[in-house]
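These notes are about the structure you will find just below.
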2 protein chains.
Amino acid sequence: MGREHMILGAFFFNPQGDNRMSWRHPSAPGFEVFSFQYYRDIASLAEAACLDALFIADHVAIWDTYESNVAHYANARLEPITVLAALSAATRHLGLISTLSASYSEPYNVARMFASLDHLSGGRAAWNVVTSGMNEEAMNFGRDATVEHAHRYERAAEYLDVAKALWDSWEDEALKLDRESGQFADATKVHRIAHRGNHFNVRGPLNVPRPPQGHPVIVQAGSSNDGKNLAAAHADLHFSMCRSVEEGLAYRVDFNERLERYERAPQSLKILPGIQPVLAASAAEAQEKREILDSLIPERLGVDLVSSWCEMDLSGLPIDGPLPDLPDEGSYNGQRTNLARLKSFKAQNMTIRQVARQLSISGAAPVVAGTAVEIADFMEEWYRAGVCDGFNLMFPVMPEDLANFTYHVVPELQRRGLAQSSYSEGTLRDKLGLLRPANRLVLER
Amino acid sequence: MGREHMILGAFFFNPQGDNRMSWRHPSAPGFEVFSFQYYRDIASLAEAACLDALFIADHVAIWDTYESNVAHYANARLEPITVLAALSAATRHLGLISTLSASYSEPYNVARMFASLDHLSGGRAAWNVVTSGMNEEAMNFGRDATVEHAHRYERAAEYLDVAKALWDSWEDEALKLDRESGQFADATKVHRIAHRGNHFNVRGPLNVPRPPQGHPVIVQAGSSNDGKNLAAAHADLHFSMCRSVEEGLAYRVDFNERLERYERAPQSLKILPGIQPVLAASAAEAQEKREILDSLIPERLGVDLVSSWCEMDLSGLPIDGPLPDLPDEGSYNGQRTNLARLKSFKAQNMTIRQVARQLSISGAAPVVAGTAVEIADFMEEWYRAGVCDGFNLMFPVMPEDLANFTYHVVPELQRRGLAQSSYSEGTLRDKLGLLRPANRLVLER
Ligand SMILES: Cc1cc2nc3c(=O)[nH]c(=O)nc-3n(C[C@H](O)[C@H](O)[C@H](O)COP(=O)(O)O)c2cc1C
Ligand SMILES: Cc1cc2nc3c(=O)[nH]c(=O)nc-3n(C[C@H](O)[C@H](O)[C@H](O)COP(=O)(O)O)c2cc1C
């Protein structure tokens with residue numbers, strides 16, 4: 001199951017781009033981010049460049065703990081699985097990666113949605129399984145605050161066990177539709193899963209036949225210990241954050257050890273670090289682009305952003321002063337990777353204002369600014385060094401940075417034989433060099 | 001808000017048609033019912049004939065209480081909201097009615113899906129709100145048996161209160177996207193709903209701006225007392241079952257009284273009885289079509305079907321003998337309308353075999369078999385008598401009966417000025433003559 005080229009996926013959370021304030025950028029889209037047309041154009045760009053997938057991130061809340069949040073960045077957006085189902089009708093090859101939280105939904109419903117999307121798209125569905133860590137999310141589902149970190153991951157692991165069993169509940173050959181004999185299905189190949197666990201009791205079978213890919217591609221993003229273990233147990237793709245070749249190589253070694261514990265081969269998990277590619281003809285132009293983005297964040301929003309990451313209100317502190325003492329891991333309920341980033345900012349003596357700008361840029365993905373050749377050089381180095389199987393492309397401003405990337409960087413990568421110039425046939429799994437999973441319910445008999 | 005023509009919607013539960021054994025019919029589709037192409041063709045047929053909507057019914061389980069069920073009729077099918085989201089990209093005017101159960105899902109997630117579908121489709125989303133009554137469904141969601149009837153409806157009413165409040169949580173004018181000032185949204189127009197009820201605690205706001213229709217069209221189907229009260233409180237469309245003009249008129253009078261209790265005008269709820277139109281050149285041809293369908297149901301499946309409706313195992317009884325004594329309403333947990341039908345079959349002294357055939361035909365919708373002129377006559381009579389605002393078209397065999405209807409009956413209805421020959425502009429609400437709902441959160445201030 002080789003894969004000859006880099007895997008390239010285009011990512012967004014805010015439909016206007018990965019910078020939090022991208023909506024305010026001069027070339028950002030307006031109200032059309034709430035219409036289908038906008039997503040169709042993005043998908044067309046991605047498919048014309050033979051990118052592997054479109055990856056939509058998601059939360060199940062708006063960020064509104066502080067008053068400034070709604071005023072300046074109430075990250076309203078459409079729900080990913082409906083967007084990707086609509087896009088399945090307008091694309092032919094593109095992988096469709098939808099985020100869906102395992103914390104506040106039912107495995108039967110979610111397994112069904114992804115099975116349906118996989119059938120509708122001819123085997124192009126992928127599920128980014130996340131555990132929701134925001135208090136704002138918890139409060140939309142009957143809780144006062146988010147569920148404890150370890151507990152969220154324990155639930156997610158059981159959730160995936162249930163979903164996979166449901167996808168396997170119809171064997172590949174179960175559906176007969178034999179008009180002559182009146183046999184709709186071979187009843188010996190349709191299984192109740194009879195799952196009884198700590199979090200779920202689900203009888204099954206699913207009411208959708210086994211998806212074309214067996215299981216939709218499973219994606220996990222985020223690098224906490226629990227997150228990585230979930231990926232090692234269950235995922236096909238892992239989205240990482242990594243800052244150097246050395247860090248990336250060590251990360252891969254660590255993952256291979258985790259995979260071995262689950263008796264999985266290293267190639268069965270593809271690792272895709274996030275990068276933020278920004279095309280710029282010169283260092284000066286790159287700096288100028290960066291300054292435009294930096295200028296977009298209102299001061300008050302910046303302080304409130306840092307406050308929410310720190311889990312304490314910083315509005316009384318001087319904005320050009322240092323960060324306060326940070327909580328320790330045990331008492332911190334947000335994402336572990338966020339806390340680690342804050343600690344490194346504090347170690348660098350960054351001011352609250354500087355941290356705010358850093359956080360507004362987006363996640364921890366390195367900005368790779370330069371000419372098409374320079375960006376391709378960077379990507380080639382990481383890829384050839386064995387740091388990764390490809391990249392998760394997190395464009396600061398959409399669709400502009402995506403369009404620039406597909407027009408200029410992709411052809412450069414194709415010239416070097418690093419990126420595919422046409423799609424291969426088959427399902428998303430086939431295209432990515434992932435095996436179609438065996439049916440566990442059959443294996444267990 | 002007048003509507004000059006009949007409202008016509010094409011319905012299916014089984015993708016092969018409303019007869020349970022339709023999959024076995026000589027002209028039924030095969031494995032393609034699990035591909036997008038099949039649904040796109042159906043939607044194209046419907047849209048070419050200017051039908052108002054495509055309505056997909058759903059359960060969250062397969063029917064598998066008896067062994068024969070899976071073998072002969074394991075009603076596997078795709079999940080409706082993903083199918084309709086995909087169809088939104090391939091249609092322009094067609095209303096998209098998706099069933100989604102309020103019994104086993106979270107209002108925040110579901111309100112979001114429908115809001116997204118409404119945005120993606122330019123205001124064509126509709127939600128058939130059902131309460132799941134099958135034990136097979138309950139067992140996929142951590143229960144041993146279905147929730148008690150009244151309790152399901154109480155939950156559904158609260159569910160709709162929450163969903164509507166979430167759709168209203170962004171006022172129509174809340175979204176600003178003012179790049180100059182940095183104002184994303186007017187924070188005074190984005191509301192937490194702070195719902196605390198018997199079934200749900202949901203803070204809000206939703207993370208999707210108010211849908212184009214304000215609220216997606218709300219549909220309710222089924223004629224129990226609780227079901228009708230839910231419709232009177234919340235629905236825009238009601239799918240009924242009715243056997244004569246007299247019954248239909250009385251039904252309308254009863255509904256108008258219920259609406260009045262909620263201070264709603266009669267026109268604010270459109271009533272669409274189900275009919276099963278079967279085009280046939282002569283009485284003999286109609287009879288022949290009927291006999292083909294009757295011949296498709298295996299004997300064992302028939303007995304098991306009647307058993308499951310009766311909530312007792314009838315396999316020990318003679319198939320050509322009478323029905324046993326039936327449970328009374330208090331101890332019957334399935335659909336009330338099903339029990340009522342069984343009682344009327346018993347009153348007619350029908351045998352188990354006869355009842356099985358009757359039940360396999362589908363729901364209680366009258367079969368209207370005849371020439372295009374005869375079918376149009378029937379529809380015209382009901383419509384002009386004021387029985388209904390249009391029809392829910394339940395085709396025994398898909399896509400054949402749908403195609404025949406659009407090619408022959410629709411033109412006849414159009415000639416008589418009863419059916420529209422082109423779509424009017426606007427959202428589905430506009431097209432159906434339904435008002436865009438006022439924002440309750442604004443009204444309450
Ligand atoms: C590339 C990337 C994409 C992510 N997308 C989402 C997302 O869409 N929704 C979400 O709730 N979390 C998302 N996360 C957060 C992770 O799922 C995870 O919660 C986070 O990285 C912190 O790790 P931890 O929760 O394991 O501590 C993403 C993380 C990364 C690196
Ligand atoms: C036209 C029509 C369509 C229906 N569609 C569904 C459906 O898709 N899913 C479902 O669970 N029930 C469906 N029902 C069942 C009703 O929602 C309702 O449960 C049933 O009519 C019995 O009424 P009761 O539950 O109020 O007793 C439908 C009923 C009718 C008449």
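Residue numbering restarts at 1 for every chain, and letters A, B, ... go by the order of the sequence lines.
A/Ser88 touches chain B through its side chain: at least one heavy atom from C-beta onward sits under 4.5 Å away, while N, CA, C and O do not. In this structure, the portions of B/Ala28 lying under 4.5 Å from any heavy atom of chain A include both its backbone and its side chain. Contacts of B/Asp144 with chain A are made by side-chain atoms alone, with heavy-atom separations under 4.5 Å and no backbone atom involved. For B/Phe200, no part lies under 4.5 angstrom from a heavy atom of chain A. Looking at B/Gln37, there are no atoms closer than 4.5 Å to chain A (heavy atoms on both sides), in backbone or side chain. Contacts of B/Asp186 with chain A are absent, with no heavy-atom separation under 4.5 Å from either backbone or side chain. Within the 4.5 angstrom heavy-atom criterion, only backbone atoms of B/His25 (N, CA, C, O) approach chain A. Of the atoms belonging to B/Glu106, it is side-chain heavy atoms, and not backbone ones, that fall under 4.5 Å from chain A. Using a 4.5 Å cut-off between heavy atoms, B/Val162 does not touch chain A at all. When heavy atoms are compared at a cutoff of 4.5 Å, B/Ala90 does not approach chain A at all. In this structure, the portion of B/Leu206 lying under 4.5 Å from any heavy atom of chain A is its backbone and not its side chain. Contact annotation for B/Pro107: neither backbone nor side-chain heavy atoms come within less than 4.5 Å of a heavy atom of chain A. B/Pro211 does not touch chain A: none of its heavy atoms, backbone or side chain, sits under 4.5 Å away. With a threshold of 4.5 angstrom between heavy atoms, B/Tyr38 does not approach chain A through any atom at all. For a residue to count as touching a neighbouring chain, one of its non-hydrogen atoms must lie under 4.5 Å from one of that chain's; by this rule B/Trp170 touches chain A with the side chain only.
Between the side chain of A/Arg210 and the backbone N or O of A/Asp168 there is no donor-acceptor pair closer than 3.5 Å. With hydrogens and angles disregarded, a donor-acceptor distance shorter than 3.5 Å links the side chain of B/Thr99 to the backbone of B/Ile56. Formation of a donor-acceptor pair under 3.5 Å by the B/Glu137 side chain with backbone atoms of B/Met134 is found in this model. No donor-acceptor pair closer than 3.5 Å links the side chain of B/His195 to the backbone N or O of B/Val202.
Interface remark: of the candidates A/Leu177, A/Leu100, A/Val208, A/Leu166, A/Leu177 forms the most heavy-atom pairs closer than 4.5 Å to chain B. When each of A/Arg143, A/Arg196, A/Gln183 is checked for heavy-atom pairs under 4.5 Å with chain B, A/Gln183 comes out on top. Between chain A and the residues B/Ala89, B/Ala185, B/Gly142, the most heavy-atom pairs under 4.5 angstrom are made by B/Ala185. Of all the listed residues (B/Ala76, B/Gly182, B/Gly204), the one sharing the greatest number of non-hydrogen pairs under 4.5 Å with chain A is B/Gly182. Between chain A and the residues B/Pro212, B/Pro205, B/Pro298, the largest count of heavy-atom pairs under 4.5 Å involves B/Pro205. Of all the listed residues (A/Leu120, A/Ile81, A/Asn140), the one sharing the greatest number of non-hydrogen pairs under 4.5 Å with chain B is A/Asn140. Counting heavy-atom pairs closer than 4.5 Å to chain B, the top-ranked of the candidates A/Gly30, A/Pro26, A/Ala187, A/Ala74 is A/Ala74. For the set B/Phe36, B/Phe31, B/Tyr39, B/Tyr104, the count of heavy-atom pairs under 4.5 angstrom toward chain A peaks at B/Phe31. Counting heavy-atom pairs closer than 4.5 Å to chain A, the top residue among B/Arg192, B/Gln16, B/Lys176 is B/Arg192. When the candidates A/Met21, A/His59, A/Glu67, A/Arg40 are compared by the number of heavy-atom contacts under 4.5 Å with chain B, A/His59 comes out ahead.
In this model, a donor atom of one side chain and an acceptor atom of the other lie less than 3.5 Å apart for A/Glu400 and A/Ser27. Between the side chains of B/Thr82 and B/Glu79, at least one donor-acceptor pair of N or O atoms lies under 3.5 Å. With hydrogens and angles left out, the side-chain atoms of B/Asn14 and B/Ser22 include no donor and acceptor closer than 3.5 Å. Remark: the B/His191 side chain and the B/Glu171 side chain contain an N/O donor-acceptor pair separated by less than 3.5 Å. Side chain to side chain, A/Tyr73 and A/Ser68 fail the donor-acceptor criterion of an N or O pair below 3.5 Å. If you check the side chains of B/Thr91 and B/Arg124, you find a donor sitting under 3.5 Å from an acceptor.
You'll find the side chain of A/Glu136 reaches within 4.5 Å of the side chain of A/Asp64, heavy atoms only.
The side-chain tip of B/Arg112 does not point at the ring of B/Trp167 from less than 6.0 angstrom away and within 45° of straight on.
Legend: side-chain hydrogen bond (donor to acceptor under 3.5 Å, both in side chains) pairs involving residues 113-122 of chain B, not counting sequence neighbours, sorted by first then second residue: B/Asp118-B/Gln213.
Here the shortest heavy-atom pairing between B/Val60 and A/Tyr108 reads O-CE2, 3.3 Å.
Taking a cutoff of 4.0 Å between a charged side-chain nitrogen and a carboxylate oxygen, B/Arg77 and B/Asp58 qualify as a salt bridge.
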